[in-house]
Amino acid sequence: DWIVCLLLTLISLTVALDNGLLKIPPMGWMAWERFRCDVDCQDDPENCISEGLFRDMADRLAEDGWRELGYEYIIIDDCWMSRLRDEQEKLQPEPSRFPGGIAKLARYIHDRGLKLGIYADMGTHTCMGFPGTTLDKIEIDAQTFASWGVDYLKFDGCYSNPVEQMQGYPLMSKALNATGRPIVYSCSWPAYLGGLPPNVNYSLLGDICHLWRNYYDIQDSWDSVQGIIEWFSDNQDDLQPAAGPGRWNDPDMLIIGNFGLSVDQARSQMALWAIMAAPLIMSNDLRNLANSARAILQNKMIIAINQDPMGIQGRRLLQEKSQIEVYWRPLSHSASALVFLSRRTDMPYLYHTSLAKLNYDAGSYEAYEVFTSSTVTGLNATTVFTVSINPSGVVMWYLIPQQKPRQSDTLYDQHKKASQFMFHKAKPGHSTL
């Protein structure tokens, strides 16, 4: 009976993914939101899903300062496959769009100090109708991906039912582990079950997947971003405890640098994804990126907050009648991050509060404003302060408790040391603030 088989499978998987991967959220670039299923390489050669697109983006990650900040994965989404498996029943890329094959593309990406991600679907077909990975194909597909040098698998769930998913997602975890190659495993499973307990067992997911999509796909609009933030916050009591090193909630791609967000809204997405300890996977055109988008995506302090080694997902603390919301995330070394988000649509709003009102302990704090690089010093927990928040924008603070300075240390020196240490911890060997 399949339930008994399934239970045996799950018991054998309890330590299947304890392979040291993704102790901090993954960072990189993925094709889907920006380039979708554009397979028209005749009329749109620059933007179609082809090896050229992924080589271009690998070049940009390697040459434009992204890799040094931690953006390391180049992830192929749907529509890379041929419509047919080969004679050995293996998946194969569409030869007209990937003439060199995936193994060669993986070498190109690895040669630039980056990692390759690929897409498959636990079902009869992918979401866009390409060959799916049915239960009998899981092992061969895992072996194929490993043989190509793939470092990350996004496993979608179109065209399958909950019973098949309950078998297939754990089996793929086991099959990837059995290849001997370290492969990050991103599961779309919870998104097909409504994203919440009791339908979703997050403790099982944490044992078999490194990250998982909980909710609907992001679209290129502020409405979409707001909807995602709202759903994750409304359900934070279920979702927040599920996340931690090696097991992340994934609210979907960063759409900063595309068409749907203002600069303020782009800052809001980046700030909230950092609070949520979310994967920082961009989906944009890195060949044509506005300087304002680059500045947001390459902000070292936000990246350091996102990549904090404690890996505790943050929470929404408050929703005010004034349509201001406050979000908080605890960080290493007694630091923390605060985000003040305006849901207003009129004008900049002056929000008055104190750290004590936000549950901070008594004492003095120093706040570093992440987007303006300004510093607020000597901030007592009971001091009432005012922040001006743009409509659909944020103010984001990195806070550290005030230490008694050595005589030689200015407040700025202390902050600099704390923030440099923080960035070193997040990305060993990478540049600091």
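Hydrogens, waters and symmetry mates play no part in the numbers below; they use all other heavy atoms, side chains included.
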Engineer: Among side-chain atoms of S221 and Q219, is any donor-acceptor pair under 3.5 angstrom?
Structural biologist: no

Engineer: Please round to the nearest 0.5 Å and tell me the distance separating atom CG of D285 and atom CZ of R60.
Structural biologist: 10.0 Å

Engineer: About how many Å separate CG of L205 and NE2 of H210, when rounded to the nearest 0.5 Å?
Structural biologist: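 Between atom NE2 of H210 and atom CG of L205 there are 12.5 Å.
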
Engineer: Do T372 and E369 get their side chains close enough for a donor-acceptor pair, meaning under 3.5 Å?
Structural biologist: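 Yes, E369 and T372 have a side-chain donor paired with an acceptor closer than 3.5 Å.
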
Engineer: Any salt bridge between R316 and D234, counting N to O under 4.0 Å?
Structural biologist: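 Looking at D234 together with R316, the answer is yes, because their closest N to O distance falls below 4.0 Å.
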
Engineer: How about CD on Q88, more than 12 heavy atoms from neighbouring residues, nucleotides or ligands closer than 6.0 Å, or not?
Structural biologist: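 For Q88, atom CD is crowded (more than 12 foreign heavy atoms under 6.0 Å).
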
Engineer: Applying salt bridge (Lys or Arg N to Asp or Glu O under 4.0 Å) to R247 and D207, what does each step give before you reach the verdict?
Structural biologist: CA-CA 8 Å; R247 43 176 75 200; D207 287 339; 3.4 Å; yes

Engineer: Are the side chains of F340 and S342 in touch, meaning some heavy atoms are under 4.5 Å apart?
Structural biologist: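 F340 vs S342: side chains apart.
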
Engineer: After noting the C-alpha distance and the side-chain angles of I76 and K154, does the key distance pass the side-chain contact (heavy atoms from CB on, under 4.5 Å) rule?
Structural biologist: CA-CA 9 Å; I76 303 169; K154 175 180 173 180; over 6 Å; no

Engineer: Which residue is it: E164, M172, K137, Q167? I am looking for the one with a side chain to side chain contact (heavy atoms under 4.5 Å, CB included) to M122.
Structural biologist: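 Only one option passes, and that is E164.
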
Engineer: Looking at Y327, I'd like to know if the NZ or CZ of R315 sits under 6.0 Å from its six-membered ring centre while staying within 45 degrees of the ring's axis.
Structural biologist: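 No, R315 does not lie over the aromatic ring of Y327.
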
Engineer: Go through L254 and I281 one step at a time and tell me if the side-chain contact (heavy atoms from CB on, under 4.5 Å) criterion holds.
Structural biologist: CA-CA 6 Å; L254 294 167; I281 308 287; over 6 Å; no

Engineer: Taking only residues two or more places apart in sequence or in another chain, which ones pass side-chain contact (heavy atoms from CB on, under 4.5 Å) with S203?
Structural biologist: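 Partners of S203 by the side-chain contact (heavy atoms from CB on, under 4.5 Å) criterion, ordered by chain and then number, come out as N201.
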
Engineer: Does the side chain of D141 come within less than 4.5 Å of F155's, by heavy atoms?
Structural biologist: no

Engineer: Would you say the side chain of L211 lies within less than 4.5 Å of the side chain of P26, judging by non-hydrogen atoms?
Structural biologist: yes

Engineer: Under a 3.5 Å threshold, yes or no: a donor from one side chain and an acceptor from the other, between D238 and N235?
Structural biologist: no

Engineer: Any pair with a residue in residues 118-158 that passes disulfide (SG to SG under 2.5 Å), sequence neighbours left out, goes on the list, sorted by first then second residue, please.
Structural biologist: C127-C158

Engineer: Tell me, please, which residues at least two apart from W66 pass ring pair (Phe, Tyr, Trp, His ring centres under 6.0 Å).
Structural biologist: Y71

Engineer: Quick one: do L116 and I102 satisfy side-chain contact (heavy atoms from CB on, under 4.5 Å)? Show the steps, please.
Structural biologist: CA-CA 9 Å; L116 174 65; I102 303 298; 3.8 Å; yes

Engineer: Check whether any side-chain heavy atom of R287 lies under 4.5 Å from a side-chain heavy atom of N47, and answer yes or no.
Structural biologist: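 R287 reaches N47 side chain to side chain.
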
Engineer: Whether the W212 and N249 side chains hold a donor-acceptor pair (N or O, under 3.5 Å, no angle test) is what I'd like checked.
Structural biologist: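 Checked: W212/N249 side chains pair up, N/O donor to acceptor below 3.5 Å.
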
Engineer: Please tell me if the side chains of N284 and L286 come closer than 4.5 Å, counting only heavy atoms from C-beta onward.
Structural biologist: yes

Engineer: Heavy-atom count around N291 CG within 6.0 Å, excluding the residue itself: above 12?
Structural biologist: no

Engineer: For the residue pair I140 and K90, establish whether any side-chain heavy-atom pair is separated by less than 4.5 Å.
Structural biologist: yes

Engineer: With under 30° as parallel and over 60° as perpendicular, where do the rings of H125 and Y159 fit, or are they tilted in between?
Structural biologist: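 Ring orientation, 0 to 90° scale: perpendicular.
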
Engineer: Tell me, yes or no, whether the heavy-atom count around D136 atom CG, taken from other residues, nucleotides or ligands under 6.0 Å, exceeds 12.
Structural biologist: yes

Engineer: So, S336 versus Y360: side-chain donor-acceptor pair below 3.5 Å or not?
Structural biologist: yes

Engineer: Decide yes or no for L297 and M270: does some side-chain heavy atom of the first lie under 4.5 Å from some side-chain heavy atom of the second?
Structural biologist: yes

Engineer: Crowded around E94 CD? As in, over 12 foreign heavy atoms under 6.0 Å?
Structural biologist: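 Counting other residues, nucleotides and ligands, CD of E94 exceeds 12 neighbours.
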
Engineer: Between Q298 and D64, is there a donor-acceptor pair closer than 3.5 Å when you use the side chain of the first and the backbone of the second?
Structural biologist: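 Checking the backbone N and O of D64 against the side chain of Q298, a donor-acceptor pair under 3.5 Å is found.
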
Engineer: Could you tell me whether the side chains of R343 and Q226 share a donor-acceptor contact shorter than 3.5 Å?
Structural biologist: yes

Engineer: For D156, which residues count as a side-chain hydrogen bond (donor to acceptor under 3.5 Å, both in side chains) partner, sequence neighbours excluded?
Structural biologist: Y119, Y192

Engineer: Any chance the side chains of S392 and Q265 put a donor and an acceptor closer than 3.5 Å?
Structural biologist: yes

Engineer: Taking atom types as modelled and ignoring hydrogens, do the side chains of Q143 and T179 form a donor-acceptor contact shorter than 3.5 angstrom?
Structural biologist: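 Judged by distance alone, the side chains do not pair up.
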
Engineer: Return the set of residues passing side-chain contact (heavy atoms from CB on, under 4.5 Å) with S283 (not counting sequence neighbours), or none when no residue passes.
Structural biologist: E33, R34, M253

Engineer: Establish, from distance only, whether the side-chain atoms of N214 and Y202 form a donor-acceptor pair under 3.5 Å.
Structural biologist: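 N214 vs Y202: donor-acceptor pair found between side chains.
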
Engineer: side-chain hydrogen bond (donor to acceptor under 3.5 Å, both in side chains) with T126: which of D77, T133, D121, D78?
Structural biologist: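 Of the listed options, the one satisfying the test is D78.
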
Engineer: Provide the full list of disulfide (SG to SG under 2.5 Å) pairs with a residue in residues 60-97, sequence neighbours left out, each pair given once.
Structural biologist: C37-C79

Engineer: Using a distance-only test with no angle check, is there a side-chain donor-acceptor pair under 3.5 angstrom linking N390 and D264?
Structural biologist: yes

Engineer: Is any side-chain heavy atom of W273 closer than 4.5 Å to a side-chain heavy atom of M276?
Structural biologist: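 W273 reaches M276 side chain to side chain.
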
